[in-house]
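Input: a single structure, listed below in structure tokens.
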2 protein chains.
Amino acid sequence: MPPQPPASGTAGPSTPVAHLRVQRVRPAYRQVADELRTQILAGTLPAGTRLPNEAELGRAFGVSRSTAREALRVLSSQHLVETLRGVQGGTFVSEPDPARVVEDVGSALGVLVMTPQLHVSDLLEARLLLEPAAARLAAQRADAETVEAVRAAAAAPRDDRDPSGFVGHLDFHTTLLMATGNLMLTLMGQPVNDVLRTRLRRAGVEAGEWDKVDACHREIAEHIAEGRAGEAEESMRDHIVELRRLYERDGFWT
Amino acid sequence: MPPQPPASGTAGPSTPVAHLRVQRVRPAYRQVADELRTQILAGTLPAGTRLPNEAELGRAFGVSRSTAREALRVLSSQHLVETLRGVQGGTFVSEPDPARVVEDVGSALGVLVMTPQLHVSDLLEARLLLEPAAARLAAQRADAETVEAVRAAAAAPRDDRDPSGFVGHLDFHTTLLMATGNLMLTLMGQPVNDVLRTRLRRAGVEAGEWDKVDACHREIAEHIAEGRAGEAEESMRDHIVELRRLYERDGFWT
DNA sequence: CGACGCTAAACGTCTGACGTATTGCTCCAC
DNA sequence: GTGGAGCAATACGTCAGACGTTTAGCGTCG
């Protein structure tokens with residue numbers, strides 16, 4: 001977010017600078033979006049605030065309604081504002097939502113994973129780093145209610161076709177990350193899991209494998225329930241290593 | 001943090017369902033954006049592809065140019081496409097860029113950190129988990145060139161006003177994350193560091209503290225250079241703990 | 001008293017036009 | 001022949017106005 005690096009033009013074609021093309025003038029819709037974003041992030045426009053309608057907003061910034069709309073599209077695609085139709089409709093500053101962030105990061109990761117820069121094995125390594133530590137923390141901190149949630153997630157039937165109407169079964173790994181009480185760990189781990197999940201071809205995995213996975217989950221859940229941090233961490237590490245073998249055997253590249 | 005009990009709606013206005021409003025029909029600009037995004041992510045439109053001009057794009061989707069433009073604004077704000085003006089201009093599918101992702105995640109984190117859901121101490125904990133492990137991996141893997149980069153980052157003068165024209169000094173912690181050779185670790189750690197950096201009031205920290213920090217950096221760099229993984233990890237852990245004290249003493253809330 | 005239908009506010013979309021940045025090519029001067 | 005100035009073409013950027021669509025609220029009628 002550096003404020004528009006001045007094209008530092010010392011009249012020298014000796015610096016090819018590859019593909020770094022600077023946009024000399026920022027388009028109006030960008031300026032409007034940036035200004036609004038700044039105000040939102042600064043708290044001048046707190047969550048829930050209703051912005052003026054598009055026509056008025058345009059007038060306020062000295063631009064047309066179309067331009068104001070494009071600015072709003074930008075903000076809305078960044079989940080900074082939401083738009084409702086009808087009377088009482090309008091554009092509202094939206095509440096920060098961790099789930100949304102997880103979604104975005106996941107999709108960004110999905111893109112990067114297609115490049116040679118980020119390999120699936122990198123994700124697996126990161127996961128191996130993150131989740132055992134998360135298991136340890138969960139074992140140290142989980143209260144009764146959380147323990148119950150983790151147990152439930154471990155016991156839940158691994159059902160791929162998830163009968164609509166009841167979404168009670170969040171993935172075990174997700175639940176465990178949340179059980180640490182540290183949202184940041186969820187934010188880092190969940191996108192990785194999401195990418196891995198969408199990348200794995202389940203077809204090639206026999207049912208027996210899944211049973212084994214579930215057994216691991218239950219074991220870890222019990223360790224957490226009884227506060228055995230070290231054992232929880234160790235079990236989780238073994239589990240992830242095992243999972244990694246699954247992923248690596250079955251090939252990732254969709 | 002029990003996973004959001006499903007609203008189990010058994011008819012009856014007794015379940016207000018709070019603010020869960022569903023958008024019955026997705027606006028056209030959203031549909032167009034989604035369709036294009038799908039094609040980009042699927043590889044049907046590889047990076048570098050030049051899309052038809054806005055008018056033609058609109059015609060292709062059966063919408064007006066304004067609608068097509070709004071769709072493009074959405075994609076462009078997600079860094080999936082870039083637009084250039086002039087003849088030879090147009091809209092191009094952009095190359096996946098890790099730096100861009102880091103930036104986005106960082107700004108999303110910045111928003112969340114203002115809520116009670118994500119506390120700065122969560123970031124510090126995550127960092128404490130990530131960076132020592134990164135130091136270990138770096139010590140195990142770094143080649144000569146990487147070692148040199150880490151050394152340089154540790155030796156670089158801690159200069160806040162970063163004389164423009166030479167950006168050689170990336171933050172030590174950033175360099176170290178990259179030295180692991182695992183982009184995913186950078187992706188997870190860098191946004192955290194960015195948020196912390198922008199949050200810390202440097203004013204309240206005496207120069208002596210910074211000297212101490214630099215000494216730590218140099219020590220860690222040496223451990224990495226000589227491949228002492230365990231010691232690198234330990235030093236980094238101590239360093240982060242020390243830094244945490246700095247942050248906690250000085251207050252975060254801007 | 002309840003259901004139906006109207007109304008108004010805002011967003012959603014369309015059309016057409018003009019401004020502007022950028023590049024390539026032409027044409028003229030030297 | 002070469003080099004620079006200037007024109008033309010392309011596609012994005014912006015504007016203006018109009019009409020459709022969605023939704024909440026309210027009034028009316030049975």
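Numbers restart at 1 for each chain; the letters A, B, ... are given by sequence-line order, proteins then strands.
Heavy-atom distances under 4.0 Å link DNA chain C to A:R73 of residues 70-77 of chain A, given in residue order. For the contact set between residues 56-66 of chain A and DNA chain D, defined by any heavy atom under 4.0 Å, the members are A:G62, A:V63, A:S64, A:R65, A:S66.
Between B:T67 and C:dC14, a side-chain N or O to OP1/OP2 separation shorter than 4.0 Å is present.
Among all heavy-atom pairs drawn from B:T175 and B:A153, the shortest one is OG1-CB, 3.4 Å. B:D122 approaches A:M184 most closely through the heavy-atom pair O-CB, 4.0 Å. Counting all heavy atoms, side chain and backbone alike, A:A28 lies closest to A:T67 at CB-CG2, 3.9 Å.
Atom-to-atom, CZ of B:R26 to P of C:dT13 comes out at 12 Å; the value is rounded to the nearest Å.
Screening B:R197, B:Q190, B:E131 against B:H173 for a side chain to side chain donor-acceptor pair (under 3.5 Å) leaves a single residue, B:E131.
A salt bridge links B:E148 to B:R151: at least one charged side-chain nitrogen sits closer than 4.0 Å to a carboxylate oxygen.
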| request: Check step by step if side chain to side chain donor-acceptor pair (under 3.5 Å) holds for A:Q31 and A:E35. | output: CA-CA 6 Å; A:Q31 296 182 46; A:E35 170 62 19; over 6 Å; no
Could I get a table of every N or O pair under 3.5 Å where one atom is in the protein and the other is in nucleotides 5-11 of chain D?
residue : atom : partner : partner atom : Å
D:dT10  : O2   : B:V87   : N            : 3.1
D:dA11  : OP1  : B:R50   : NH2          : 3.4

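More than 12 heavy atoms of other residues, nucleotides or ligands shown are found within 6.0 angstrom of CZ on B:R37.
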